[in-house]
2 protein chains.
Amino acid sequence: MNTFDLALQQLKEKGYKKTKQRERIIEIFASHDQYVPAKKILQDMQEEFPSVSFDTIYRNLYLLSRENMLEATELEGEKHFRLSCGTGHHHHHFICTDCGKTKLIEFCPMESMEEDLKGYEVENHKFEIYGKCPQCG
Amino acid sequence: MNTFDLALQQLKEKGYKKTKQRERIIEIFASHDQYVPAKKILQDMQEEFPSVSFDTIYRNLYLLSRENMLEATELEGEKHFRLSCGTGHHHHHFICTDCGKTKLIEFCPMESMEEDLKGYEVENHKFEIYGKCPQCG
DNA sequence: CACTAAATAAGAATGATTACGATTTAGATT
DNA sequence: AATCTAAATCGTAATCATTCTTATTTAGTG
């Protein structure tokens, strides 16, 4: 089963309605193996739904993020999203500053941080590497 | 020499003018050992300079960042700044999500990434840990 | 004291994101 | 298939951080 059908199935299982707009949003993500800004999703959506509202875009982006179907990160002051990759295991990304495509980084630096953070309660962390991928470099 | 005087001296050496506003901005940073948003700087500034403009704040924040006197990071969609700590050597931070105070992290995960990134041109990276510091936890 | 480039003030403009009332629609029920 | 209801969407306005523009002021120099 491909990522598109998988995502739709997950939505159904969680009791969300299937709408044309929602389908299209997921479709757009499935065809971009990269982080894309909300703005880009809006533009792509407008081709099929000329009167789609900001609200629909953002509401769905956050819904999909909450349900772990999207990963989010802030790049240059704009929120960017991509379909969650893989099996839900923890990972990080190299992000190409040209094309936005990503490379999975399995290594997590938190594994070696316990002793340095005695007394600190860790809630979250971010490890991202930015640069040019082989195609853009 | 304390951080405040050091910063002023650096500005002078680089040929920037000494203004009351600039002095105050640095003073504010020197009294906050933590990441603070531009908004906070503006508010503190207004106590002494009721008619200070956004422009003055942002222009100086970017000037000071460019000159490596401030470190910047994006937290919750807002740019945050803090006085550069230490001797200019590369480091990362634990950032308290309550009080904003930071703890220096000497370890840099990039040291063990070369082989994973063959063919990729690394420009930058971000490693930040978020949570509660001992005082807030 | 006069000069000039740098810095600031005031406020408008921009751009991303959020909010909201009115309308439509998916999916369940009859 | 018709009805119902909560969820989803639309259309638009509001908000918020940030950037820009023009006129004015000021620091430092001669």
Side-chain angles (χ1 to χ4, degrees), chain A residues 5 7-29 35-67 69-70 72-82 100, chain B residues 7-28 35-67 69-70 72-82 100:
Chain A
D5 294 326
L8 286 187
Q9 181 193 320
Q10 278 188 271
L11 276 183
K12 182 162 195 174
E13 279 169 7
K14 291 167 195 267
Y16 297 108
K17 291 183 178 176
K18 180 166 132 179
T19 68
K20 294 187 295 296
Q21 291 87 341
R22 215 164 251 171
E23 264 187 288
R24 182 73 185 116
I25 289 177
I26 295 170
E27 206 172 51
I28 292 170
F29 276 114
Y35 275 105
V36 294
K39 175 172 57 186
K40 166 77 173 155
I41 299 296
L42 178 66
Q43 288 165 355
D44 282 14
M45 284 291 283
Q46 284 173 330
E47 290 178 18
E48 186 169 351
F49 304 94
S51 62
V52 68
S53 85
F54 300 122
D55 199 50
T56 300
I57 304 292
Y58 283 102
R59 194 165 14 75
N60 280 301
L61 291 180
Y62 286 108
L63 167 67
L64 294 170
S65 297
R66 253 200 328 279
E67 299 298 344
M69 302 169 65
L70 290 183
T73 193
E74 186 121 7
L75 299 173
E76 299 159 9
E78 271 180 87
K79 283 168 192 132
H80 286 58
F81 301 84
R82 57 159 297 145
Chain B
L8 286 186
Q9 180 193 321
Q10 278 187 270
L11 276 183
K12 182 161 197 174
E13 278 168 10
K14 290 166 197 267
Y16 296 109
K17 291 183 178 174
K18 180 165 132 180
T19 68
K20 294 187 295 297
Q21 291 87 340
R22 214 163 251 172
E23 264 187 289
R24 182 72 185 117
I25 289 177
I26 295 170
E27 205 172 51
I28 293 170
Y35 274 105
V36 294
K39 175 173 55 184
K40 166 76 172 156
I41 299 296
L42 178 66
Q43 287 166 356
D44 282 15
M45 284 291 282
Q46 284 173 330
E47 290 177 18
E48 185 169 350
F49 304 94
S51 63
V52 69
S53 84
F54 299 123
D55 198 53
T56 300
I57 305 294
Y58 284 102
R59 193 166 15 76
N60 280 300
L61 292 180
Y62 287 108
L63 167 67
L64 294 169
S65 297
R66 253 198 330 279
E67 299 298 344
M69 302 169 63
L70 290 183
T73 192
E74 187 122 8
L75 300 173
E76 299 159 9
E78 272 180 85
K79 284 169 193 132
H80 285 58
F81 301 83
R82 57 159 296 144

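Throughout, a chain's letter reflects where its sequence line sits, starting with A, and its residues are numbered from 1.
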**Prompt:** What is the distance, rounded to the nearest whole Å, between atom OH of A/Y62 and atom P of D/dA8?
**Reply:** 18 Å
**Request:** Tell me which nucleotide among D/dT19, C/dA9, D/dT9 gets nearest to the side chain of B/S53.
**Result:** C/dA9
**Prompt:** DNA chain D: B/E74 or A/R22, which has the more 5' nearest nucleotide?
**Reply:** A/R22
**Prompt:** Would one find a side-chain N or O of B/R59 under 4.0 angstrom from OP1 or OP2 of C/dA7?
**Reply:** no
**Request:** Please determine if a side-chain N or O atom of B/T56 lies less than 4.0 Å away from the OP1 or OP2 oxygen of C/dA9.
**Result:** yes
**Prompt:** What's the CG-P distance between A/N60 and C/dT18, to the nearest Å?
**Reply:** 14 Å
**Request:** Using whole Å, report how far CG of A/D55 lies from C1' of C/dA16.
**Result:** 14 Å
**Fill in**
Rounded to whole Å, CZ of B/F54 lies from P of D/dT19 at a distance of 12 Å
**Request:** With the side chain counted from C-beta on, respond yes when B/L11 and B/I26 share a heavy-atom pair under 4.5 Å apart, and no when they do not.
**Result:** yes
**Request:** Check every atom of C/dA16, D/dA17, D/dC10 against the side chain of B/E78 and return the nucleotide holding the closest atom.
**Result:** D/dA17
**Message:** Does any part of the side chain of A/I25, heavy atoms only, come nearer than 4.5 Å to the side chain of A/L64, both counted from C-beta?
**Reply:** yes
**Asked** Can you check the B/M45 CE to C/dA7 P distance for me, whole Å?
**Response** 14 Å
**Asked** Taking the side chain of B/Y58 as heavy atoms from C-beta outward, which of D/dA17, C/dT8, C/dA16 is closest to it?
**Response** D/dA17
**Message:** Tell me which residues in residues 10-19 of chain B lie within less than 4.0 Å of DNA chain C, going by non-hydrogen atoms.
**Reply:** B/Y16, B/K17, B/T19
**Asked** If we ignore angles and hydrogens, is there a donor and acceptor under 3.5 Å between the side chains of B/K79 and B/Y58?
**Response** no
**Request:** Specify the separation, in whole Å, of atom CD of B/Q46 and atom P of C/dT8.
**Result:** 15 Å
**Item:** Between C1' of D/dA17 and CD1 of B/I57, the distance in whole Å
**Value:** 13 Å
**Message:** Please report the interatomic distance NE2(A/H80) to NZ(A/K40), rounded to the nearest 0.5 Å.
**Reply:** 11.5 Å
**Complete:** Comparing A/V52 with B/K79, nearest DNA chain D nucleotide closer to 5' gives the residue A/V52
**Request:** Determine: side-chain N/O of B/K20 to OP1/OP2 of C/dA7, distance under 4.0 Å, yes or no.
**Result:** no
**Message:** How many whole angstroms separate atom CD1 of A/I25 from atom C1' of D/dC10?
**Reply:** 14 Å
**Message:** Could you tell me if the side chain of B/R59 sits less than 4.5 Å from the side chain of B/L63, heavy atoms only?
**Reply:** no
**Complete:** Sorted by chain and number, sequence neighbours left out, side-chain hydrogen bond (donor to acceptor under 3.5 Å, both in side chains) with A/K14 holds for A/E67
**Prompt:** Should A/R24 and A/E27 count as an ion pair when the cut-off is N to O under 4.0 Å?
**Reply:** yes
**Request:** Would you tell me if any nitrogen or oxygen in the side chain of A/Q21 comes within less than 4.0 Å of OP1 or OP2 on D/dC10?
**Result:** yes
**Message:** Students often get this wrong, so: under 4.0 angstrom with heavy atoms, is A/F49 touching a base, only sugar-phosphate, or nothing?
**Reply:** nothing
**Prompt:** So do the side chains of A/E23 and A/K18 get within less than 4.5 Å of each other, counting heavy atoms only?
**Reply:** yes
